[in-house]
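Written below as structure tokens is the structure these notes are about.
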Amino acid sequence: MKSMSKVIGVVFAVLLFGSCSVHKNAGKSATAPGQVKKITGAKSAKAYAPGQRKKNGND
């Protein structure tokens with residue numbers, strides 16, 4: 001009985017932790033383009049704007 005409960009516990013743990021998934025929001029940044037510009041010290045925020053990032057390959 002102890003080995004059966006261990007097997008069930010392991011199967012339950014695998015199912016519990018195996019169902020976790022990570023989702024990434026591709027188009028949304030946590031900071032605004034102007035704030036990123038200030039952090040990086042760039043002269044223009046254009047490269048960090050959502051519509052410009054795809055053009056420059058900065059996904």
Side-chain angles (χ1 to χ4, degrees):
M1 286 305 273
K2 286 186 179 184
S3 63
M4 185 65 158
S5 64
K6 287 182 182 179
V7 170
I8 291 173
V10 169
V11 170
F12 178 73
V14 168
L15 290 175
L16 180 68
F17 293 115
S19 64
C20 297
S21 63
V22 176
H23 299 283
K24 181 180 176 186
N25 292 335
K28 303 206 176 194
S29 175
T31 57
Q35 297 299 320
V36 177
K37 178 186 99 95
K38 286 181 183 178
I39 293 168
T40 60
K43 291 187 178 184
S44 174
K46 183 178 179 181
Y48 305 105
Q52 304 297 323
R53 291 174 62 196
K54 189 174 180 181
K55 290 181 189 176
N56 298 330
N58 298 334
D59 294 10

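Values below: all heavy atoms of this structure, side chains included; hydrogens, waters and symmetry mates excluded.
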## Note on the structure
Hits for side-chain hydrogen bond (donor to acceptor under 3.5 Å, both in side chains) against T40, two or more places apart or cross-chain, chain-then-number order -> Y48
### Query
Taking ILVMFWY side chains as joined if any heavy atoms are under 4.5 angstrom apart, and letting links pass through other members, which residues group with I8?
M4
### Shortest non-hydrogen contact between P33 and A45, atoms and distance
O-CB, 3.7 Å
